[in-house]
Amino acid sequence: MTSRPTDVVVVGAGIIGCAVACELARRGASVQLVDERQAGMGATQASAGMLAPYKEASAGSPLLDFAVRSLDLFDDFVTRASSDSGVAVPYRRTGTIDVALQEGAMGKLRATAALLASRGVAAEIVDGHTARGEEPHLTADVIGGLLIPAHGFVAAGDLTRALATSARRHGTQVIEGGRVVRIAPAGGDMLVATERGTLTGNAVVLAAGSWSGQIDIAGLVARVPVRPVRGQLLRLGWNGAALRRVTWSDRCYLVPWDDGTLLVGATAEDAGFDERATAAGVRDLLEAACDVVPHAWAAGFLGARVGLRPATPDDLPIIGASHVLPNLFYATGHYRSGILLAPLTAQLVADAMLDGRIDPALAALRPQRFGDV
Ligand SMILES: Cc1cc2nc3c(=O)[nH]c(=O)nc-3n(C[C@H](O)[C@H](O)[C@H](O)COP(=O)(O)OP(=O)(O)OC[C@H]3O[C@@H](n4cnc5c(N)ncnc54)[C@H](O)[C@@H]3O)c2cc1C
């Protein structure tokens with residue numbers, strides 16, 4: 001950043017763009033948030049909203065510490081988004097259970113438990129009998145499981161709506177239906193050309209998820225290497241007593257909502273920018289769910305949601321200023337964890353842009369690891 005920006009254009013209103021816009025506006029910046037669709041209709045609308053850093057991150061990955069820090073911010077993040085906006089945001093910290101149906105899977109759970117114990121994280125290995133006591137709908141084939149009480153889930157769509165509303169209440173102009181075609185520096189300003197006119201700011205945050213490498217940027221030859229990984233997720237109408245917590249097997253996860261909806265996720269497919277559900281995806285997820293919770297065969301089928309996760313070559317997000325255009329900031333590539341990582345991403349982007357404070361955690365996430373972008 002050349003100097004503290006006062007006018008920021010945020011491109012992309014998924015959870016990341018909305019969280020960043022909200023934080024910048026709350027700290028006094030004048031913000032325009034632009035999306036080609038309605039806010040939250042990219043990958044974010046498909047998300048299961050799980051907040052489970054100890055599941056997705058592996059030992060030694062910088063993502064684990066980043067995700068754990070972000071989870072620590074979640075109580076305040078949800079409370080503030082909800083109270084600033086008046087939008088209710090369902091949010092639960094009821095933990096997770098990861099179940100094993102064979103000894104090989106059980107060995108992996110024991111290794112995860114040992115890793116968590118070395119970090120002082122509460123986690124408990126249970127046998128099949130205890131696992132079924134915790135979750136009576138589990139199949140009798142379950143031989144054991146791993147309980148992690150710190151995990152939780154949030155309604156990602158409601159949270160994004162709350163962030164967008166709260167950004168508006170802090171003065172952000174939210175522009176929906178404005179596809180950005182080009183970003184270009186002009187004097188000390190940054191011009192953001194959309195199909196409906198040009199926006200001007202003195203800094204830009206590129207938070208366009210899977211599409212972040214598709215936008216023309218004057219003066220840049222290379223693009224951030226973000227690619228779409230399609231995820232399909234089912235919504236089932238569960239009958240009877242709900243599961244108590246997020247439940248994983250090695251083929252799917254199940255997220256129980258108070259209204260009786262059970263989310264079943266998720267596929268991971270290289271399908272380009274195709275956002276359609278497929279018969280194969282729906283069948284695979286239904287079979288995987290019924291293998292672990294046979295009562296799911298009796299559930300109603302409410303629909304399938306599809307989103308394109310923004311993946312990067314090293315599975316880490318890209319957060320930081322462009323090497324070439326210092327007034328262009330990236331906040332993208334959050335792949336499987338964008339909901340979980342939103343609070344810390346927003347905080348560190350605002351710290352860097354408005355206060356020039358670069359958190360050490362951003363060193364591993366710098367855009368420059370992918371060249372002159
Ligand atoms: C099935 C599934 C389940 C998931 N489950 C979880 C989970 O349990 N927990 C978790 O933490 N994460 C989960 N994720 C990942 C999470 O959803 C993503 O990491 C997150 O939504 C990425 O947010 P984003 O704002 O970067 O991208 P998006 O939500 O995709 O937002 C990008 C926005 O940019 C806009 N845009 C693109 N191009 C342009 C343009 N040229 N001009 C203007 N606007 C543009 C798009 O319209 C879109 O709204 C899941 C994802 C999927 C698909």
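Because the structure is predicted, anything quoted here is derived from the model rather than measured. In each ligand, atom 1 is the first atom listed, and ligand 1 is the first ligand listed.
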Is there a polar contact between ligand 1 and [X], counting only N or O atoms under 3.5 Å apart?
X	value
R336	yes
M41	no
A13	no
L233	no
P310	no
A46	no
Y335	yes

Should the pair [X]-[Y] be classified as a salt bridge under the 4.0 Å nitrogen-to-oxygen rule?
X	Y	result
D75	R93	yes
R119	D65	yes
R26	D84	no
R245	E135	yes
E36	R196	no
R161	D158	yes

Is atom CD of E287 surrounded by more than 12 heavy atoms (other residues, nucleotides or ligands) closer than 6.0 Å?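 Atom CD in E287 is crowded, with more than 12 foreign heavy atoms closer than 6.0 Å.
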Closer than 4.0 Å to some heavy atom of [X] - which atoms of ligand 1 meet that?
X	answer
I16	23 (O), 24 (P), 25 (O), 26 (O)
R309	51 (C), 52 (C), 53 (C)
Y253	3 (C), 5 (N)
M50	7 (C), 8 (O), 9 (N), 10 (C), 11 (O)
G14	25 (O), 29 (O), 31 (O), 33 (C)
W211	30 (O), 37 (C), 38 (N)
G49	7 (C), 8 (O)
I339	10 (C), 11 (O), 12 (N)

S210: heavy atom below 4.0 Å from ligand 1, yes or no?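 Contact check S210 vs ligand 1: negative.
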Nearest-option assignment for [atom], heavy atoms, candidates [options]:
atom	options	value
atom 35 (C) of ligand 1	I183, D35, V34	D35
atom 40 (C) of ligand 1	V180, I175, V226	V180
atom 34 (O) of ligand 1	G17, A48, G12	G12

Salt bridge (Lys or Arg N to Asp or Glu O under 4.0 Å) assessment of E275 paired with R230: CA-CA 7 Å; E275 292 179 280; R230 183 167 71 186; over 6 Å; no
Identify the residue among L159, I339, I16 that makes a side-chain contact (heavy atoms from CB on, under 4.5 Å) with T44. I339
